[in-house]
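Report on the structure given below.
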Protein chains: 2
Amino acid sequence: MTDEYLNIRQMGDRYEVTARTLRFYEAKELLSPIREGQKRLFTRRDQARLKLILRGKRFGFALEEIRQLLDLYDMGDQQKTQLGATYETGKGHLETLKARHGELGEAIKDLTAQLDWAEKELTTL
Amino acid sequence: MTDEYLNIRQMGDRYEVTARTLRFYEAKELLSPIREGQKRLFTRRDQARLKLILRGKRFGFALEEIRQLLDLYDMGDQQKTQLGATYETGKGHLETLKARHGELGEAIKDLTAQLDWAEKELTTL
DNA sequence: AGGATACTTGACGCTTACGTCAAGGTAAGG
DNA sequence: CCTTACCTTGACGTAAGCGTCAAGTATCCT
């Protein structure tokens, strides 16, 4: 129950990243694990954020871009002053995502066609 | 009609990349412009490949991965010995693309939800 | 002929995203 | 107490993907 927190090794194993990567993300303020003495403990919030980070990376976003997106996901009530600006950049990102989604569909279509062609060629040998 | 070929400047302008980038891609064997004297002339094949390169980049593929994918797209009859291997890596890439397509759909859903929430918050101020 | 312009090839610089030591702290087991 | 194991913070190294000179060449204009 109260193994809510993961140490750096468990966190790395679970999400297939190295400890170095986790420290790097903390240095870049993408994650903010709490401390038990000097050791890091990663919370559920950190885990949720890490999933989003890794997803962002798969879509070719830079870490700095991802950091800004992350802000949108955990505004708990506090910094609503920034909400307006964050909302606008979020809108922008959404458009980007939609555009890529369409483009990705095309890429899939194209590659499928190429593979079909290749398959046909292979059978004629 | 027979301005089939673009020089490095025209090519860069048309696809919004710098001359440096084009030379870099040539060095990495992603493009292979012909030469008129010492000057590069980019063919239609180069243009098609550049489009694919840029698309690949938007999806977070490394240049080296892109290079391998490109091979699949212009096998005109010659290197069919490699076709088998290329076909397999192509299959792999297709799976990756499909997975990302699905994931991207989820990302869009999530972000849309967050933005809806943010919008609601904004109106209550 | 003499710029001005646009191309070329190095070669070094820079940012991103980590990898890889080095040197040391700390908690657990024998 | 000593070892083992895992953590920590620097600090330097590196590959990718270009940017940015530097120095030379070729073409066009006047």
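A note on names: the letters A, B, ... follow the listed sequences, proteins ahead of strands, and every chain is numbered from 1. Just so we're clear, the structure is a prediction, and the values are computed from it rather than from any experiment.
Here dG17(D) presents its P atom at 12 Å from CZ of R67(B), a figure rounded to the nearest Å. Computed from coordinates, the K57(B) NZ to dG17(D) P distance equals 6 Å when rounded to whole Å. Here dT15(C) presents its P atom at 17 Å from CD of E65(A), a figure rounded to the nearest Å. Look at CD1 on I53(B): it is 13 Å from C1' on dG17(D), rounded to the nearest Å. At whole-Å resolution of the value, CZ in F42(B) and C1' in dT8(C) are 12 Å apart. Straight-line distance from the CG atom of L63(A) to the P atom of dG17(D): 15 Å, rounded to whole Å. The CD1 atom of I66(A) sits 8 Å away from the P atom of dA17(C) (whole-angstrom rounding). Going from atom CG of L31(B) over to atom C1' of dG17(D) covers 14 Å, rounded to whole Å.
Looking at the side chain of Q38(B), the nearest of the listed nucleotides dC18(C), dG24(D), dG19(C) is dG24(D). Nearest to the side chain of A62(B), among dC7(D), dG17(D), dA17(C), sits dG17(D). Of the candidate nucleotides dA17(C), dT9(C), dT8(D), dT8(D) has the atom lying nearest to any side-chain atom of K39(A). For N7(A), the side-chain atoms get nearest to dC7(D) when compared with the rest of dT9(C), dC18(C), dC7(D). For F24(A), the side-chain atoms get nearest to dA17(C) when compared with the rest of dA17(C), dT9(C), dA11(C).
Atom CD of E64(B) sits in a crowded spot, with more than 12 heavy atoms from other residues, nucleotides or ligands closer than 6.0 Å.
Across all strands shown, A19(A) has no heavy atoms under 4.0 Å from either base or sugar-phosphate atoms. Among the atoms of the strands shown, base atoms are found under 4.0 Å from some heavy atom of R23(B).
Taking 4.0 angstrom as the limit, T18(A) places none of its side-chain polar atoms (N or O) nearer than this to OP1 or OP2 of dC18(C). The phosphate of dC18(C) has OP1 or OP2 within less than 4.0 Å of a side-chain N or O from Y25(A). At the phosphate of dT26(C), neither OP1 nor OP2 sits under 4.0 Å from any side-chain N or O atom of R35(A). OP1 or OP2 of dT8(D) lies within a sub-4.0 Å distance of a side-chain N or O belonging to R40(A). Between R20(A) and dT20(C) there is no side-chain N or O to OP1 or OP2 distance below 4.0 Å. Side-chain N/O atoms of T21(A) include one lying less than 4.0 angstrom from OP1 or OP2 on dG19(C).
When atom types are taken as modelled, the side chain of R100(A) and the backbone of R58(B) share a donor-acceptor pair closer than 3.5 angstrom. In this structure, the side chain of T21(B) does not engage the main chain of V17(B) through any donor-acceptor pair within 3.5 Å.
S32(A) and R49(A) share no side-chain donor-acceptor pair at under 3.5 Å.
Both E26(B) and K28(A) sit near DNA chain C, but only E26(B) has its closest nucleotide nearer the 5' end.
Between H101(B) and H101(A), the ring-plane angle classifies as parallel under the 30° and 60° cut-offs.
Taken from CD in Q10(A) to OH in Y15(A), the straight-line distance is 11.5 Å, to the nearest 0.5 Å.
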